[in-house]
Structure formats: C-alpha cells, structure tokens
Peer 1: 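Take this structure first; my questions come after.
Computed from a predicted model, the values in this text were never measured in an experiment.
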Amino acid sequence: MYNLGIYLLSLILKILALFNSKIKLGVDGRKQTFDILKKYIDKNDSTIWFHCSSLGEYEQGLPVFEKLRDQYPLHKIILSFFSPSGYEIRKNTTVADVVVYLPIDTKFNAKRFIDLIHPEFTVFVKYDIWANLLFELKNQNRRTILISALFRKNQSYFKFYGNRLRKALFTFEHIFVQDNNSKILLNNISYTAVTVSGDTRYDRVSNQLEQNNQLDFISEFKSNSTCIVIGSSWEADEALLIPYINKTATKNLKFIIAPHEVNTHHINSISSKLSASTILFSKKNSKNLEDFNVLIIDTIGLLSKIYSYADIAYVGGAMGKTGLHNILEPSTFGIPVIIGKNYKKFPEAFAMIKDAGVISITNDKDLHQTLNTLITSNAKRDSLGNKNLEFIKESKGAVVQIMDYIRI
C-alpha cells in the first residue's frame with residue numbers, strides 16, 4: 001500500500017504541476033537530482049546527509065547542521081528538500097556542498113540515491129519520514145537519526161494500518177523528540193532509543209540575537225513610531241487585521257505586513273483593501289518611507305530581522321487552517337506575540353500562552369481589544385515581551401544534547 005501510494009503521489013504531482021508553478025518547480029527539480037549528485041559527489045568522498053521537508057524544518061535543523069559542518073570540515077554535506085519552498089530559498093546555503101530535491105521515494109530511487117551519496121551519517125528533521133529511503137539506509141548499515149521529532153497519537157505510525165511507516169521508525173538509531181508525550185508514544189510501540197531533548201528552534205532563534213539585524217529601510221519607515229509587525233499572514237489573518245489597520249494606522253502607529261505568499265495576486269489583494277498610506281518593499285527606492293504608515297514586504301528572507309524592529313508581533317496561520325507559523329522568532333526579541341485560535345498542533349503555542357507572553361485571539365473583537373491594550377500600555381508590552389524572552393532562554397539546549405550524541 002505504501003509503494004502504491006508513492007506512485008500515486010508521483011502521478012498526482014505531475015498532473016498538478018501543469019496548473020501550479022510551485023509544484024512544477026519540485027517536479028522539474030527532481031529530474032535533475034541524480035545528475036547533480038553524479039557531478040558533485042565522488043565515490044571516495046566522505047559524506048553527511050541532511051534532509052528537511054521544507055524551509056521550516058531547515059531552520060529547525062540549522063543549528064545542528066552548522067555544528068556538524070564545523071566539526072567535520074572534510075566531509076561533503078548533502079542537503080535535500082522535498083518542498084520547493086525550502087529548496088528554492090536555501091539552494092545556495094553555505095551549510096551544504098550540494099543541495100538537491102529529494103527524489104520520489106520508490107525503491108529504485110531510494111537505492112540509487114543512497115548509492116550515490118553513500119552517507120556516513122544522516123540527519124532527518126521532525127517528520128518527513130520516507131520508508132524506502134530509510135530501509136535502504138538500514139540495509140547498507142548507514143547511521144541515521146531523527147531530530148526535533150513531534151508525534152501525535154492520531155498519526156499513521158500508531159494505527160493498525162501504519163505498519164510500514166512504524167517499521168521505518170525503527171531504522172533510526174536514535175530519535176530526539178520535542179516532548180515527553182512523543183517519547184511515550186514511541187515507547188508504546190516498543191521503540192526505546194529516544195531522548196526528550198526539546199525543540200532545536202529555541203537554539204536557532206536565540207542565535208538570531210547574535211546576528212546583525214539592522215535594516216536601514218525599516219529604521220527609516222518606523223522612525224519614532226510604535227510598530228506592529230504582521231508575519232507570515234494568510235487571508236484569514238488579513239481579513240481581521242486590515243480593517244483594524246485602516247482604522248488606526250498613523251505616523252505614530254505603523255504596520256509592517258510580511259505575508260506568507262508573496263505572489264503578485266496576493267500582494268495586490270492586500271494593497272487594494274488598505275486605505276492607509278501604503279508602500280511596497282519593491283517600490284521603496286527613492287521614496288520617503290517615513291511618510292507611509294503601512295509597509296508590505298513583497299519578498300522573502302527578511303522577516304527574522306524585521307521582527308527586531310517590532311513593538312508587537314502578530315504571527316499568522318492560526319486564524320485559518322494553514323497552520324501556525326514560527327512564534328519563536330519574534331519572541332526572542334522580547335516582544336508580545338498575538339496568534340489566531342487554531343494552534344492545537346503546536347505545543348510551543350500552548351506553553352507560551354500559559355507561561356509566557358503569547359496571546360490567542362478568536363475574532364475581530366478580541367484582536368481590537370488586545371492590540372488597543374498593548375498599544376496604550378508600555379508596561380503590559382514589556383511584561384509580556386520579557387516573559388517571551390525568558391521562555392526562549394529557558395527552553396534552549398536541544399542542540400547540545402544532540403551533538404553530545406553524534407560521533408562520526
């Protein structure tokens with residue numbers, strides 16, 4: 001059933017690629033994977049392989065990848081992505097020597113892929129678990145670990161029909177999980193090589209404080225105003241936020257919108273609904289940015305630094321059903337964070353609503369009351385922001401545990 005599903009997945013992706021440019025990038029990119037590997041990987045190379053589903057998992061694994069890059073400089077590093085949203089943004093990362101799309105997980109592709117890269121050590125991140133690749137790694141006695149894993153009881157691994165995927169978990173020599181519930185679920189299927197290390201994202205976002213986060217155009221736009229940054233927003237988030245922006249944006253209260261989708265249609269849709277004075281990132285040159293009250297970021301890769309200028313952050317994805325985006329990035333800068341109502345699959349949201357400075361809102365009334373309170377009360381902002389920063393600091397340490405385990 002698994003292999004049949006893989007062939008159906010391949011067919012579906014090829015059909016969807018005819019209508020979706022993002023999916024087409026992945027389909028076309030996978031056609032080049034083996035040629036790229038043959039060109040850059042020699043049979044005598046010592047190699048390490050990192051695999052991530054997409055950009056979020058890459059950011060999650062990055063602090064471990066960087067440590068391994070530094071610790072084993074003579075190894076060639078292969079980084080693979082399944083999703084175009086990871087590959088296209090990080091295909092030039094310096095943490096790897098070769099970056100490729102992961103081939104579709106047929107038995108033939110799995111053997112060919114592993115034979116070409118012959119990894120001495122492999123790190124999978126969080127949940128992108130491909131059975132045929134893992135079985136081939138095991139057949140060749142190649143060491144593999146899973147980091148920052150997060151399991152839920154409704155996943156296939158723990159169902160009567162999930163036998164093949166369940167067996168795939170046992171190919172990992174060790175699994176580092178985010179929480180104790182994940183460990184219990186693994187123990188219940190008799191998998192015991194598991195450590196509760198926490199989430200490597202806490203280490204990742206903490207490192208952001210050590211980076212140069214200066215963006216001169218953001219400084220010019222913000223000037224001396226209070227600034228609310230809306231990060232990774234979707235239409236469900238924007239439907240609540242845009243009316244509030246239109247009502248409240250002034251030279252003393254400014255908004256930066258960095259939507260998750262930056263295609264022309266979405267950007268134009270946001271712009272058309274805003275009555276406040278608005279400028280796009282792509283149109284910022286030769287403009288006096290201080291004169292505008294809303295800035296739309298119609299590009300990618302800047303949000304982490306932009307959060308450093310925020311007084312308040314709204315993180316998108318949880319008002320609709322697309323999935324909550326990264327609340328740790330803004331939290332590490334010591335600011336309060338607002339999210340939507342659908343966050344049940346995100347344990348960090350539960351914890352930070354309870355013990356830190358994250359606030360969940362359910363409707364426009366909640367949003368207005370929450371923002372009005374935070375805008376008018378410096379003390380409230382500082383209190384919640386400090387709680388977020390302390391929570392991040394106290395949650396670090398996963399990378400140390402993982403690196404203590406790895407010996408190549």
Peer 1: Taking the side chain as every heavy atom from C-beta outward, state whether Ser190 and Thr192 have any atom pair closer than 4.5 Å.
Peer 2: no
Peer 1: Using every non-hydrogen atom in the two residues, find where Asn246 and Ala276 come nearest and quote the distance to one decimal.
Peer 2: OD1-N, 3.4 Å
Peer 1: What I'd like to find out is whether the side chain of Phe135 reaches to under 4.5 Å of the side chain of Lys167, using heavy atoms alone.
Peer 2: yes
Peer 1: I'd like to know if the side chain of Thr332 reaches the main chain of Leu328, judged simply by a donor and an acceptor atom lying under 3.5 Å from each other, with no hydrogens or angles considered.
Peer 2: no
Peer 1: Of all residues at least two apart in sequence or in a different chain, which pass the side-chain contact (heavy atoms from CB on, under 4.5 Å) check with Ser277?
Peer 2: Phe292, Asn293
Peer 1: Quick check: closest heavy atoms across Ile338 and Thr370, and the distance to 0.1 Å?
Peer 2: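 Minimum heavy-atom contact is CD1-CG2, 3.8 Å.
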Peer 1: I would like to know whether Val125 and Leu146 meet side-chain contact (heavy atoms from CB on, under 4.5 Å); could you show each step before the answer?
Peer 2: CA-CA 6 Å; Val125 181; Leu146 176 64; 5.9 Å; no
Peer 1: For the residue pair Lys396 and Ser206, what are the closest heavy atoms and their distance?
Peer 2: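 What the structure gives for the nearest pair is CD-OG, 3.1 Å.
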Peer 1: Could you tell me whether a side-chain N or O of Asp237 sits under 3.5 Å from a main-chain N or O of Gly316, the two making a donor and an acceptor?
Peer 2: no
Peer 1: Quick check for you: to the nearest 0.5 Å, what is the distance between Ile402 atom CD1 and Ile145 atom CD1?
Peer 2: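 Those atoms lie 6.5 Å apart.
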Peer 1: For side-chain contact (heavy atoms from CB on, under 4.5 Å), just list the numbers for Ile189 and Phe158, CA-CA rounded to whole Å, side-chain angles, deciding distance to a tenth of an Å, and then say yes or no.
Peer 2: CA-CA 8 Å; Ile189 61 170; Phe158 313 111; 3.9 Å; yes
Peer 1: Is there a side-chain contact between Cys52 and Leu79 in this structure, where contact means two heavy atoms from C-beta onward sitting under 4.5 Å apart?
Peer 2: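 Answer yes - side chains close enough.
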Peer 1: Hey, does Lys222 have a side-chain heavy atom less than 4.5 Å from the side chain of Lys254?
Peer 2: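 Sidechains of Lys222 and Lys254: no contact.
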Peer 1: In terms of heavy-atom contacts, does CD of Glu261 have more than 12 from other residues, nucleotides or ligands at under 6.0 Å?
Peer 2: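 It does: Glu261 CD has more than 12 such atoms within range.
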Peer 1: Main chain of Asn252, side chain of Thr250: is a donor-acceptor contact present, judged purely on distance under 3.5 Å?
Peer 2: yes
Peer 1: Keeping Ser182 on the side-chain end and Phe151 on the backbone end, is there a donor-acceptor pair under 3.5 Å?
Peer 2: yes
Peer 1: Do we see a donor-acceptor contact under 3.5 Å between the side chains of His266 and Glu238?
Peer 2: yes
Peer 1: Given side chains that start at C-beta, do those of Asp311 and Val229 come closer than 4.5 Å, heavy atoms only?
Peer 2: no
Peer 1: If you count every heavy atom of other residues, nucleotides or ligands that lies below 6.0 Å from Lys67 atom NZ, does the total exceed 12?
Peer 2: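 Counting neighbours around NZ of Lys67, 12 or fewer heavy atoms of other residues, nucleotides or ligands fall under 6.0 Å, so no.
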Peer 1: Relative to Phe160, does Arg166 satisfy both conditions: NZ or CZ under 6.0 angstrom from the six-membered ring centre, and within 45 degrees of the ring's axis?
Peer 2: no
Peer 1: Aromatic ring centroids of Phe124 and Trp49 under 6.0 Å?
Peer 2: yes
Peer 1: Under a plain distance cut-off of 3.5 Å, with no hydrogens placed, do Asp97 and Tyr40 share a side-chain donor-acceptor pair?
Peer 2: no
Peer 1: Measure the CD1-CD1 distance between Ile300 and Ile89 for me, rounded to the nearest 0.5 Å.
Peer 2: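 Going from the CD1 atom of Ile300 to the CD1 atom of Ile89 covers 3.5 Å.
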Peer 1: State, without any angle test, whether Thr200 and Ser148 hold a side-chain donor-acceptor pair at a distance under 3.5 Å.
Peer 2: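 Indeed, the side chains of Thr200 and Ser148 share at least one donor-acceptor pair under 3.5 Å.
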Peer 1: Looking only at the side chains, is there a donor atom on one of Gln208 and Asn213 sitting less than 3.5 Å from an acceptor on the other?
Peer 2: yes
Peer 1: Between the side chains of Gln140 and Asp115, is a donor N or O closer than 3.5 angstrom to an acceptor N or O?
Peer 2: yes
Peer 1: Looking only at side chains, do Thr362 and Asp366 share a donor and an acceptor under 3.5 Å apart?
Peer 2: yes
Peer 1: Examine distances only and state if a side-chain atom of Asp105 and a backbone atom of Ile6 form a donor-acceptor pair shorter than 3.5 Å.
Peer 2: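 No, because the side chain of Asp105 does not come within donor-acceptor range (under 3.5 Å) of the backbone of Ile6.
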Peer 1: Between Leu374 and Ile228, is any pair of side-chain heavy atoms under 4.5 Å apart?
Peer 2: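 SC-SC contact between Leu374 and Ile228 ruled out.
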Peer 1: If you round to the nearest 0.5 Å, how far is NE2 of His51 from OG1 of Thr144?
Peer 2: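 The distance works out to 12.0 Å.
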Peer 1: Just wondering, more than 12 heavy atoms not from Lys138 lying within 6.0 Å of its NZ?
Peer 2: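 Open.
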Peer 1: I need the Phe34 CZ to Ile41 CD1 distance, nearest 0.5 Å.
Peer 2: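 It comes to 13.5 Å.
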Peer 1: Strictly under 6.0 Å, is that where the ring centroids of Phe176 and His174 end up?
Peer 2: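 Judged by ring-centre distance (under 6.0 Å), Phe176 and His174 do meet the cut-off.
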Peer 1: Any luck finding a side-chain donor-acceptor pair between Asp216 and Ser219 under 3.5 Å?
Peer 2: no
Peer 1: Between Glu173 and Tyr405, does any side-chain donor sit less than 3.5 Å from a side-chain acceptor?
Peer 2: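 There is such a pair between these side chains.
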Peer 1: So, Lys393 and Glu390, do they make that salt bridge, N to O below 4.0 Å?
Peer 2: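 So Lys393 pairs with Glu390 through a salt bridge.
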Peer 1: Under a 4.5 Å cut-off applied to non-hydrogen side-chain atoms, are Asn263 and Ile267 in contact?
Peer 2: no
Peer 1: Please walk me through it: do Tyr307 and Val315 pass side-chain contact (heavy atoms from CB on, under 4.5 Å)?
Peer 2: CA-CA 10 Å; Tyr307 278 135; Val315 176; 3.7 Å; yes
Peer 1: Can you tell me if Ser395 uses its side chain to pair, donor with acceptor, with the backbone of Phe391 under 3.5 Å?
Peer 2: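 Yes: the side chain of Ser395 pairs with the backbone of Phe391.
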Peer 1: How long is the straight-line distance from CD1 of Ile77 back to CZ of Arg69, given to the nearest 0.5 Å?
Peer 2: 5.0 Å
Peer 1: Only pairs at least two apart or in different chains count here, so list each ring pair (Phe, Tyr, Trp, His ring centres under 6.0 Å) that has a residue in residues 333-388.
Peer 2: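 Qualifying pairs: Tyr244-His368, Tyr343-Phe350.
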Peer 1: Output, in order, the C-alpha distance, side-chain angles, deciding distance and verdict of side-chain contact (heavy atoms from CB on, under 4.5 Å) for Ile408 and His75.
Peer 2: CA-CA 10 Å; Ile408 301 176; His75 283 68; 3.9 Å; yes
Peer 1: Report yes if the side chains of Leu37 and Val98 come closer than 4.5 Å at any heavy-atom pair, otherwise no.
Peer 2: yes
Peer 1: Could you check whether atom NZ of Lys126 has more than 12 heavy atoms from other residues, nucleotides or ligands sitting under 6.0 Å from it?
Peer 2: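 Check passes, neighbour count above 12.
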Peer 1: Going by atom types alone, do Ser85 and Ser83 pair a side-chain donor with an acceptor below 3.5 Å?
Peer 2: yes
Peer 1: Would you please classify the geometry between the Tyr58 ring and the Phe81 ring as parallel, tilted or perpendicular, with 30° and 60° separating the classes?
Peer 2: tilted
Peer 1: Might you point out which heavy atoms bring Arg164 and Asn132 nearest each other, and give the distance in Å?
Peer 2: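 Heavy-atom minimum between the residues: NH2-OD1, 2.7 Å.
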Peer 1: Go through the structure and list residues passing ring pair (Phe, Tyr, Trp, His ring centres under 6.0 Å) with Tyr101, not counting sequence neighbours.
Peer 2: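 With neighbours one apart ignored, the set is Tyr87.
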Peer 1: Verify the neighbour count for atom CG of Asn224: are there more than 12 heavy atoms of other residues, nucleotides or ligands below 6.0 Å?
Peer 2: no
Peer 1: Grab the two heavy atoms, one from Thr195 and one from Gln401, that are nearest each other, plus how far apart they are.
Peer 2: CG2-OE1, 3.7 Å
Peer 1: At what distance, to the nearest 0.5 angstrom, does CD1 of Ile339 lie from CD1 of Ile359?
Peer 2: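 Here the rounded value is 10.0 Å.
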Peer 1: Please name the residue in the list Glu59, Glu210, Glu57, Glu329 that meets the salt bridge (Lys or Arg N to Asp or Glu O under 4.0 Å) test with Arg204.
Peer 2: Glu59
Peer 1: Where the side chain of Arg30 meets the backbone of Leu102, is there a donor-acceptor pair that is under 3.5 Å apart?
Peer 2: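 It does hold such a pair.
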Peer 1: Using atom types as modelled and distance alone, determine if a side-chain donor or acceptor of Tyr309 lies under 3.5 Å from a backbone N or O of Leu215.
Peer 2: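 Here the side-chain-to-backbone pair exists.
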Peer 1: Do the side chains of Arg142 and Glu136 get close enough for a salt bridge, i.e. N-O under 4.0 angstrom?
Peer 2: no
Peer 1: Look at atom NZ of Lys24 and say whether more than 12 heavy atoms of other residues, nucleotides or ligands are closer to it than 6.0 Å.
Peer 2: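 Counting other residues, nucleotides and ligands, NZ of Lys24 stays at 12 neighbours or fewer.
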Peer 1: Minimum heavy-atom separation for Leu13 to Val27, with atom names?
Peer 2: O-CG2, 3.6 Å
Peer 1: Between Phe217 and Phe281, is the ring centroid distance below 6.0 Å?
Peer 2: yes
